[in-house]
Structures are given as structure tokens and as C-alpha cells.
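By convention in this document, chain letters (A, B, ...) are assigned in the order of the sequence lines, proteins followed by strands, and residues within each chain are numbered from 1. These values consider heavy atoms only, across backbone and side chains, with no hydrogens, waters or symmetry-generated copies. From a predicted model like this one, the values you see are computed outputs, not experimental measurements.
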There are 2 protein chains.
Amino acid sequence: MLTDRQLMILQVIIDDFIESAKPVGSRALSKKDTLPYSAATIRNEMADLEESGFLEKTHTSSGRVPSEKGYRYYVDHLIGPEIHQHGLGIIERLTNNGIYEFEQIVQTAAEALSKLTNYTSIILGPEMFEATVKQIQVLALSDQSAVAILVTNTGHVEHRSFTLPKGVSSSDIEKLVNILNDRLQGVPLYRIPEVIQNEVASLMMKYMNGVDSSINWIRTLFTQEQAVKLYFGGKANILMQPEFNDVDRIRSFYSLMEREDEIVNLLKNSNQGIKVSIGHENEVEEIKDLSLITASYHIGGGQMGTIALLGPTRMEYKKVLSLMEIISKEMTGAMGKWYSDKS
Amino acid sequence: MLTDRQLMILQVIIDDFIESAKPVGSRALSKKDTLPYSAATIRNEMADLEESGFLEKTHTSSGRVPSEKGYRYYVDHLIGPEIHQHGLGIIERLTNNGIYEFEQIVQTAAEALSKLTNYTSIILGPEMFEATVKQIQVLALSDQSAVAILVTNTGHVEHRSFTLPKGVSSSDIEKLVNILNDRLQGVPLYRIPEVIQNEVASLMMKYMNGVDSSINWIRTLFTQEQAVKLYFGGKANILMQPEFNDVDRIRSFYSLMEREDEIVNLLKNSNQGIKVSIGHENEVEEIKDLSLITASYHIGGGQMGTIALLGPTRMEYKKVLSLMEIISKEMTGAMGKWYSDKS
DNA sequence: GTTAGCACTCTCATCTTTTGAGTGCTAAAT
DNA sequence: ATTTAGCACTCAAAAGATGAGAGTGCTAAC
């Protein structure tokens, strides 16, 4: 459908535009001696490429700009594999000494990703509801307040403070903790409320006094919010892109960034592997002129999260794709090593 | 030094400019019948106010704009106390059921503050290093990895995962945890490394085998990062202000927002009470054309954090000051109630 | 002391001009 | 049958031109 020469020209045009952000014209192209053809020849080919929908003009007498179809073709066929050296070993470096904190690793990865690319990175923390309870602990801080701590088999720690109901003794707490540990160990987080309702409640009735009213309260206490956490890197990077030279554009971008639930939805859909969504391929209005690259990473026990990068459609796909591949693999590797599910 | 009429005019001008963001002229002012003087009279008074440094012109024939000195006078003398109703009870509402999480309260407070004002709010979490150790726990997740949990007397939970050194048995861990609890309970966080070095090390030598090399590692594990946490609300709000109609201005603002250490410094200086820094009174270049309001809040045990609000110098000081007062009081109240230091 | 009147100033929005890079098409060259 | 040179034409963006509007300062009258 496309001749070799057309492909070559398409590639050069896209490369050029990705770098310069300016419409590329035939004369300018033929001057740089990447292509051994005259301006007129290039012009003719450009006209054909435009007719086939790979290029566009911003106005009748402007140079050409890649269309979304053009980028799509470029991503699918014109970029070969490449290894982005700088990306290698980022994760490893963070956990050299054997001590690590999930949040910190992810946050640093997000920052590194954005720094290396100059785009905005978003990492979606793993969905936790399949993780299971490893241990529950309640620790009194004073005679009025206490803190409840829940550790999952994957090493995540959730905690919540609360005011102690009047008349609860420390032996009551001890009993409660025993019951909870007995019944909840190995139970996935999402089933906690159910188990408390069905099993813990009756046991509490049996062994403790006056607890009927507090069962709801305990259920609330141990109901984990399903909220997956988002980690951002380089939210300000996007402002360096010339396509963000417009205040309204910036406003709409940042307002989207604050609607975290929408972003979660945007990233959640991602299946295995790396996915590139160019411009209108995205469903969210605010990023229909941006490209979104998503890749998933896995931690033990089937849980996974998503790494994403958001930049102009005029994105350095070559660099970015290789980088995403490396980072998602390294994340998976690092996580899997420690969070192996032996509960 | 200033006549009553000048004060009155100054107040009206500032009020007007705060609302409209446009230089206010004598004709326009005299038309609104807030002031019973003719344009010419107002003009003369304006000239005097300008000479005294309370007003400025943006160009030779423009209306007047308050100078920083003008705002300073306005804040110090021209706004009376007022109670901002919407602000009342925000914190209480968050902890109705007796269950709460510090992070969530603070985050929600930041969001509420920014929503009510349309400026950007920043809350500095409390400095933790004076908090003392309540309990330490280590929980093995698999035979390679474990998670260490540290609870402070104020109910904060810190945790960190790590790879188990080879040849460490579960009884070793138990011993270690016992030693740590024995020696570290009641010790303030900032002294942990020191105590581990001086007291824990020798005990470990005595009761455990082959630990000499791992003492450093344990010290690292329990060294808390001093990093105080920042909570932002309404980072995008600032974009609605007409003074941010310039892309470079936005860039510099967001780039500052990403340099969290600088922001921490900016807020840390705050002593008791509410402090208003107008324009160049701020030391950080990027906000020399903004105003920063800071107020401190206290949780038990002498620890405190800072609430801040960042907006144009043309800020609704009246509203903002009353709101800040309310919120900082409520935060202090709520925190103190639970985090009472009974360790 | 206060105000009306007037000449003057400066911004902002709108319109016009110029310049430069680009295109399409036709005819000549390879 | 391609490829290329040449030429007329187009459009955006930058640079100037124009006029309206809101403001000021100053002087003289109230």
C-alpha cells in the first residue's frame, strides 16, 4: 500500500516533528541530506501520504504534521527495538541494602521515569483486595485511644487510630485481637467485613460482654478502603512541552490530575504488556490530544499495578517504549522477589 | 499620619481591587456610592496615598493598585475580626465515628481549605522526631523477607520491609525484637540510632550469634527519615487567578511545588499564631508576588505542624484569616484529644 | 477645602502590512 | 516515466497603525 520511499519519508517526517514540534516542509527536508530527493519529489510523496491519511496540514500552505494514524503506523511498524541504557537498574539501586519500602520504591520510580522522559508519569499502586490478612494487632495508646494495625501477606501495613469505647478493658482488647487473628488470618481483605459479620460477631457475643453494639464499629474499623493509590512524577514536566503554551490547556490538564478517580479508571483498563493510546484513542476528553503509554507490573499473588506515561502525541515513542518495558520488568522482578506469597 | 478619609479610601480601594483584580480609578470609585466624594477629591487623596507608599500605579495614567505596604497596613489595621461560618466543624465531621487516620484528616483538611478559599493550601505534617517509641514488631512474611513495624506514643505507625539476612532464625528475630522493645520503648525517634549503637549492640553480641555485621543494618532499618510530610490541596486553584494568566508564571509556580524541601523550609519558620507574608516579605523567589498565610497546629507532646495558604497578594485576607484561625484551632483540638501523651 | 473641566497619557483591542516558509501545478530535464 | 525546476499563490505570525476608553494631573472656579 505504501512504497518504501513513502515509508522512509513518513519516518523522517515524524522523527523530525517529534523533535522540533514544528510542521515539516518539503524544502527544509530536502535541504537536510537525510533524503536524496528534491523538494518537489518529496512534495509529491507528501501529498500522497496526506491522501492516505498519514499526514495532515495545519492550514492550506503549511508544512505537514503526522496524523494520529501516522503516529499509530509509526509506533506499530517504524520503530525497532532499542534498549534505553539510562533506565537500567533503577529499581535495583533503590533496594541495595535489602531494606525497602514499597511506597518509596514506587514514588522514586515515578520520579525517575518522568525525569528521564520529561513527560508526566503516573504509577498505580497494586490492588490490595486480593492480599490476605497476615496479622492483626491492636495497641492502646492511652485509656481513650488505640491504634489497630493490619499486616497483609504481601507486607503491606494498614493502620487506623480510634477512640476506645467506654468500659473496654485491656483484656477485652486482647480477646478481640485473638478472635480476629484466629478468624481473619489468610482471609482476603475484601472478605473481611463479611467474615466479621458472620463469624467474629458470634464469637464475640460468646466470650465478651456488651459487644453487640460495637460489632458494626469493628467492621468499619477493619474495612479497608479499596482506594488504589496513585504516584505521580513530573507533573510540571508537561508544561515544558510547547503544546502546553496555552493557559486553558494547562488548566484542563491539572484539573484532570486532581480527579484521581478518573485517572485510576484510565489506567486500570490496561491488560498485560505495553499499550499505547494515541490522541483520540483515549477516552478521556482532556487527553484526546495527548498520548498515554501504559504498562503493567506484577507483585506476588496475582496482584498488579500500572505504570503510565503521559505526554504529547508528539512523543518520543522510541525512547519511551523501551524505557517503559525496562521499568515494568524491573518492578515486577524486584517486587516478586520479596513479596513471594508463602502465607 | 493618615487622615480618616484616606484610610477609608484606602480600604475601599483594596477591597475593590481584591475583588476585581483591576486597577481602580477615581471616576469609577466615585460612581459607586460607597464614597460621598467627587472623582477629583478622591484623585487628590489617591495621590497622597501613593506618595506615602500605600498605592501604586501600573503605568502613568492607570488606576491605582495597592502596594505591598498597602496590603500590610490593610491586614494589620483595616480588617476586623470575623467568623467564617463555613469553616466551622470541618475536622469534627471527619472523626464522627471515633475512627480516624491522621493522614486522611490532614489531607481532607487541606482540600477543604483550598475549596473554601480557591487558593492553594499546604499542610505540613507534624515533626515526628520527638515522638517516642511505643512498640516495635517484626513479622516474617516468608523465609526471605519480613516487615518491621514501629508504633509511636502518638499513634503513628512506621513500617519497612527488608530481606532477611541468611541464617537468621525466627528465634533470632524474637530475641532481637525483645531487645529492641526493652531498650527502645520511650526513646524519642531521633535517638534511636544512638541507642542501638550504644546499648542494643552489646546485648545482641551477648545473646545472639554472628550479629556484629548486621548491627549497622539494623540501625539503618530503624532510622526514621526525618522527612516531614506535605499535604496539598487545590494545586490547580491558583490557575483560576487572573495573575496566573501567564505560562511562565505557572511554570515557575509548579516547579516550586515539586521542590518539597524548599516548601518545608518555607513553612517551618512559622512560630505560634497566624503569620501573613505579603509579596517580597517572602524569601523564596517564586512567591515574591504571592501571599503566604501560615498557622501552626499542635498535637500532643509539643509536636506541631503548619497549615499554609498560598494565593495572590490580592488575597481575600478577611475571609482567609478567620478561616485559618478556625481550622488551626480545630486541628489542635481534635489532635490533642486523641494523641494525649500518656506513655 | 472641594469640584468641574480639559489636555494629555497609556493600554488594549482591532486592523493592516510585510515577510517567510510552504504548497500545487506545469513544463522541462533526465 | 520519473524527477526536478520554476512560478504563482496561500497562510500564519510578527510588526506597525489606529482609535476608543479609562485614567491622571493640574488649573481655575465654587
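- Residue B:Glu56 contributes atom CD, which lies 18 Å from atom P of D:dG23 at whole-angstrom precision.
- Listed by first and then second residue, the ring-ring contact (aromatic ring centres under 6.0 Å, His included) pairs involving residues 26-52 of chain B amount to none (not counting sequence neighbours).
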With B for base contact, S for sugar-phosphate-only contact and - for none (protein heavy atoms under 4.0 Å), nucleotides 23-30 of chain C reads BBB-----
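- In this entry the distance linking OH of B:Tyr37 with C1' of C:dA4 reads 19 Å, nearest Å.
- Rounded to a whole Å, the NZ atom of B:Lys22 is 12 Å from the C1' atom of C:dC12.
- Nearest nucleotide to the A:Ser38 side chain, out of D:dA5, C:dT11, D:dC11: D:dA5.
- For the pair B:Arg314 and B:Glu19, the salt-bridge criterion is not met [side-chain N within less than 4.0 Å of a carboxylate O].
- A salt bridge links B:Glu45 with B:Arg5: the distance from a Lys NZ or Arg NE/NH1/NH2 to an Asp or Glu carboxylate oxygen falls below 4.0 Å.
- Screening A:Arg249, A:Arg251, A:Arg259 against A:Glu286 for a salt bridge (Lys or Arg N to Asp or Glu O under 4.0 Å) leaves a single residue, A:Arg259.
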Show every donor-acceptor pair shorter than 3.5 Å between a side-chain atom in residues 21-36 of chain B and any protein atom, with sequence neighbours excluded, or say none if there are none.
residue	atom	partner	partner atom	Å
B:Ser26	OG	B:Arg43	NH1	3.2
B:Ser30	OG	B:Arg27	O	3.2
B:Lys32	NZ	B:Asp16	OD2	2.6

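- Every residue meeting the side chain to side chain contact (heavy atoms under 4.5 Å, CB included) condition with A:Ser328, not counting sequence neighbours, appears here in chain and number order: A:Ala295, A:Ile307.
- Protein atom CG of A:Asn245 is 16 Å distant from nucleotide atom C1' of D:dA12, rounded to whole Å.
- For A:Thr41, a side-chain nitrogen or oxygen approaches OP1 or OP2 of D:dT4 to under 4.0 Å.
- Heavy atoms of B:Ala39 sit nowhere under 4.0 angstrom from any nucleic acid atom.
- The CG atom of B:Leu35 sits 15 Å away from the C1' atom of C:dT3 (whole-angstrom rounding).
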Residues B:Thr117, B:Glu316; criterion side chain to side chain contact (heavy atoms under 4.5 Å, CB included); working and verdict
CA-CA 8 Å; B:Thr117 59; B:Glu316 291 184 78; over 6 Å; no
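- If you take NE2 of A:His59 and P of D:dC9, they are 19 Å apart, rounded to a whole angstrom.
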Side-chain polar contacts of residues 47-55 of chain B - donor-acceptor pairs under 3.5 angstrom, sequence neighbours left out - could you list them?
residue	atom	partner	partner atom	Å
B:Glu50	OE1	B:Arg64	NE	2.9
B:Glu50	OE1	B:Arg64	NH2	2.8
B:Ser52	OG	B:Asp48	O	2.9

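- For the segment residues 1-8 of chain B, the set of residues with a heavy atom within less than 4.0 Å of an atom of DNA chain C comprises B:Arg5, in numerical order.
- Rounded to an integer number of Å, the gap from CD1 of B:Ile42 to P of C:dA4 is 11 Å.
- Within 6.0 Å of the CG atom in A:Asp4, the count of heavy atoms belonging to other residues, nucleotides or ligands does not exceed 12.
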